[in-house]
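The structure appears below as C-alpha cells.
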Amino acid sequence: MSWNESTRYQRPTRPTYLPPHLRDQPPITDSISSSPSRSPRFGRGRGRGRGSRTRAPNQDRSWGGGSGGGDRFRETFSDPGPGPYPYSQSQAQPFRSSERFDELEVVEEGLSNVNLDAYDETPVETSGFDVPPPVTSFADVHFSAALMENIKRCNYVKPTPIQRYAIPVAMAGRDLMACAQTGSGKTAAFCFPIISGVLKDHAKTPAQILAEGRGMNLNMACPLALILAPTRELSCQIHDEAKKFAYKTGVKIVVAYGGAPIVQQFRNLERGVDILVATPGRLVDMIERARVSLRNVKFLALDEADRMLDMGFEPQVRRIVQQMEMPRAGVRQTMLFSATFPTEIQKLASDFLSNYIFLSAGKVGSSTDLIAQKVQFVADMDKKSRLMSLLISQRSNGSQGKPILTLVFVETKRGADALQQWLSMKGFPSIAIHGDKVQLERERALRSFRTGVTPILVATDVAARGLDIPHVAHVINYDLPRDIDDYVHRIGRTGRAGKSGLATAFFSDKNAPLAKALVELMMEANQEVPTWLLEYAETYSSSFTPRVNRSSGIKFGGHDYRRGASTGTENYDYSNQIADRRDVQPYGAGASSSYSCHSSDAGYSSPARANSFGEGLYNHMYGYNPVIAGGLN
DNA sequence: AAAAAAG
C-alpha cells in the first residue's frame with residue numbers, strides 16, 4: 001500500500017477537544033493530522049505501530065501472526081480440528097469473533113468446501129444503464145492487497161455468479177438491486193466493495209476529507225458505511241463475516257442491535273467505526289441519543305431488502321434512509337440484496353436508489369434446485385406424529401453417527417416452545433428460537449444447534465432469513481408460512497454454498513391459499529409435485545381467487561420491474577445470461593451423486609436434473625424406511 | 001390470526 005500512514009487523517013472516535021473555530025469547518029491548518037495522533041483512542045488499528053494500541057485488549061489478535069504467517073494460517077484454518085462435531089472450526093480460531101460474541105460460533109467456511117461449480121450454470125439477468133461487465137475471478141477486481149489476502153484466507157476461490165456481477169457494479173460506485181438465490185454469497189458481494197471503498201477513504205489526505213465537509217464529532221460515531229438487517233442474529237452474522245474480510249485492514253466494523261446492553265455497543269462505537277451493521281430499532285435509538293450520525297455514510301446496504309421494506313419494517317427503515325442525516329440517494333451508494341424481491345417492494349425500494357442496476361442471479365423465483373422439496377399432506381392433529389416419524393427415520397440413517405441438523409419452522413412463538421418441549425420430552429434433543437426469548441437465549445439456542453448439541457431447532461420466522469448455518473440437512477415446514485417468499489427463505493437455510501439439502505413441508509387444509517404459489521415454485525425448481533397438491537392449486541385458485549392474488553402466482557421478483565414499466569423512455573440492457581456445468585455433492589456420506597449438464601437455453605435445466613440428486617439425498621435419509629417412504633405424497 | 005424490530 002502506498003499511502004503514508006503518518007499523514008493519514010484519523011477520524012476521531014472519542015470526545016476530543018477541538019477548538020471551536022475548527023468545528024464543522026474545513027480548516028487548512030495541519031493541526032488536524034497531528035492532533036488526533038496523540039490520542040491513543042484515535043486511529044484505526046492497522047495492526048502495527050500506533051494503530052495497534054487502539055485495539056481492545058480482549059480483541060482476538062492471537063492468531064495469524066504477522067503478514068508472513070499466511071501459510072501457517074491457511075493450514076490452521078482449513079483444519080476443523082477435533083471437536084464434538086466436525087463443524088466446530090471456529091475453535092481453530094482464525095476468524096473467531098471478538099468481544100462478547102466470541103462464544104457465538106463463526107462457522108462460515110468461506111466457500112472452502114464448497115462446490116462452486118454448482119453455481120456455474122446459474123442464469124444471470126442484468127438491467128440498467130451501462131452495466132459493468134462481470135468478472136471471472138476476484139483477481140480481476142481492483143481490491144487492495146490486504147483485502148485480497150483476506151479473501152484468500154477465507155478460502156474464497158472464485159466468485160459466485162452474484163459476486164461476479166455485483167462486485168464490479170458496486171466497485172463502479174453504482175446503485176444496485178440484487179436478487180440471488182439463498183446461500184449464494186450475497187454478504188461477500190456487498191462487503192468486499194464496501195471494505196474496499198472504506199480503504200480508499202482511509203487513503204485520503206486530511207485535506208481531501210475536510211474538503212468533503214466531514215468535520216470531527218464529539219462522542220458521535222459517523223460511520224462511512226451502514227449495513228441494515230432484519231434480525232439481530234443476522235446482523236451479528238454479517239458483522240462476524242465482515243470482520244473476517246476486514247482483518248488487518250484497519251477497517252473497523254461495529255454491530256448494533258437490540259436486546260443487548262447498549263452501553264457495550266456505545267463502547268464499541270467509541271473505539272471507532274467505519275462500517276456499522278445494525279438492526280433498525282437500535283440504530284434509531286442510537287441516532288436519537290446523538291451517539292450515531294449517518295451524515296458521513298457513503299455506502300448503504302440493506303440485506304434481506306424486501307423484508308426491510310415490508311409492512312412492519314418500512315416506516316422505520318424509511319426514516320433511517322430518508323429522514324435522518326443520511327446523504328440522499330445518488331450521493332451515497334445504495335445496495336439492496338435479497339433472495340426474493342416482489343414487484344411492489346421493488347417499487348418502494350426504487351425510492352432509495354439512483355440510476356440503479358438490477359441483477360438477478362438464479363432461476364426465476366430464486367428458489368434453488370439444490371434443495372429437494374417434498375410436500376406431505378398432514379392434518380394439523382397428525383403433525384406431531386408425522387414429525388416424530390421423520391425424525392426417527394433420519395436418526396437411524398444419520399451418517400457416521402453425526403446428528404443430522406434439522407430446522408423445524410412453526411407459525412407462532414408459543415407453538416415453537418410447545419413443540420420443542422414435546423420433542424424434548426419424547427427424547428429428541430431440541431431447542432427453540434423465537435422473538436419472545438431473551439437475546440442470550442436466542443444466541444444460546446443458535447449456538448447449541450450449530451454445534452450439534454441439539455440437532456433439532458424449532459424456530460419461528462426469526463430464523464427464516466439470511467442465517468448461514470452450515471450443514472443444515474433438513475428444513476421441515478411443520479407449519480407452512482402464509483407467504484411463499486417466506487417459504488423460499490426458510491428452505492434456503494439448507495442447500496447452501498453449493499451443497500444440496502432437503503425441505504419437507506406439512507401441508508394442511510388451511511394452507512390452501514399457498515398451494516398455487518407452492519406448485520409454481522416447485523415446478524420452477526424441477527421438483528416433483530404431488531397430484532393432490534396440483535388439485536389444491538387449481539381448486540383454490542379457480543374458486544377463491546378471482547384475480548391476481550397476493551399469495552398466488554410467482555411474486556418473488558427475479559425480474560426488474562422496470563422492464564414491465566410502460567413509462568420506459570429508457571433503454572435497458574436486458575438479459576445477460578450465462579450457462580455452464582455443475583456438480584453437486586449432497587450432505588451425508590453414502591449418497592453422493594453428481595452429473596454435469598450443458599445447457600444452451602440460458603440455464604433452464606431439464607426436469608430430470610434436480611430430482612436426480614434430490615432423490616439421492618432423499619433416499620439417503622429416508623430410503624431405508626418403508627413406512628416413511630410409503631407415507632410420502 | 002404471525003413474526004420481526006427499541007425499552
Find the distance A:L514:CG to B:dA1:C1' and express it as a whole number of Å.
16 Å
Could you tell me how far apart A:E304 (CD) and B:dA4 (P) are, to the nearest whole angstrom?
15 Å
Applying ring-ring contact (aromatic ring centres under 6.0 Å, His included), can you list everything that pairs with A:F337, at least two apart in sequence or on another chain?
A:F190
Between B:dA5 atom P and A:D461 atom CG, what is the distance in whole Å?
12 Å
In sequence, state the C-alpha distance, the side-chain angles, and the governing distance for A:S235 and A:T279, and then conclude on side-chain hydrogen bond (donor to acceptor under 3.5 Å, both in side chains).
CA-CA 7 Å; A:S235 63; A:T279 49; 5.1 Å; no
Minimum-distance nucleotide to A:T231 side chain [options: B:dA3, B:dA4, B:dA6]:
B:dA4
Could you tell me the separation between the CG atom of A:N477 and the P atom of B:dA3, rounded to a whole number of Å?
15 Å
Between P on B:dA5 and NZ on A:K437, what's the gap in Å once rounded to a whole number?
14 Å
List in numerical order all residues of residues 305-315 of chain A for which some heavy atom is under 4.0 Å away from an atom belonging to DNA chain B.
A:R307, A:G312, A:F313
Heavy-atom donor-acceptor pair, A:E411 side chain to A:D479 backbone, under 3.5 Å
no
Which ring pair (Phe, Tyr, Trp, His ring centres under 6.0 Å) pairs, counting each pair once, include a residue from residues 412-437 of chain A, with sequence neighbours left out?
none
Hey, does the side chain of A:T412 come within less than 4.0 Å of B:dA1's phosphate (OP1/OP2), counting only N and O?
no
Can you tell which of B:dA3, B:dA6, B:dA1 lies closest to the side chain of A:K413?
B:dA3
Roughly, in whole Å, what's the span from CD1 in A:I262 to C1' in B:dA5?
13 Å
Using a heavy-atom cut-off of under 4.0 Å over every strand shown, decide if A:R442 touches base, sugar-phosphate, or nothing.
sugar-phosphate
Kindly say if A:T460 contacts the phosphate of B:dA4, meaning a side-chain N or O under 4.0 Å from OP1 or OP2.
yes
A:R482 has a side chain; which of B:dA6, B:dA3, B:dA2 sits nearest to it?
B:dA2
Output the rounded distance in Å from CZ (A:R490) to P (B:dA4).
11 Å
How many Å lie between CG on A:D485 and C1' on B:dA2, as a whole number?
15 Å
Any ring pair (Phe, Tyr, Trp, His ring centres under 6.0 Å) pairs touching residues 477-518 of chain A, not counting sequence neighbours?
A:Y478-A:F506, A:F507-A:W532, A:F507-A:Y536
Set of ring-ring contact (aromatic ring centres under 6.0 Å, His included) partners for A:F409, sequence neighbours left out:
none
Contacts of A:F313 that satisfy ring-ring contact (aromatic ring centres under 6.0 Å, His included) - sequence neighbours left out
none
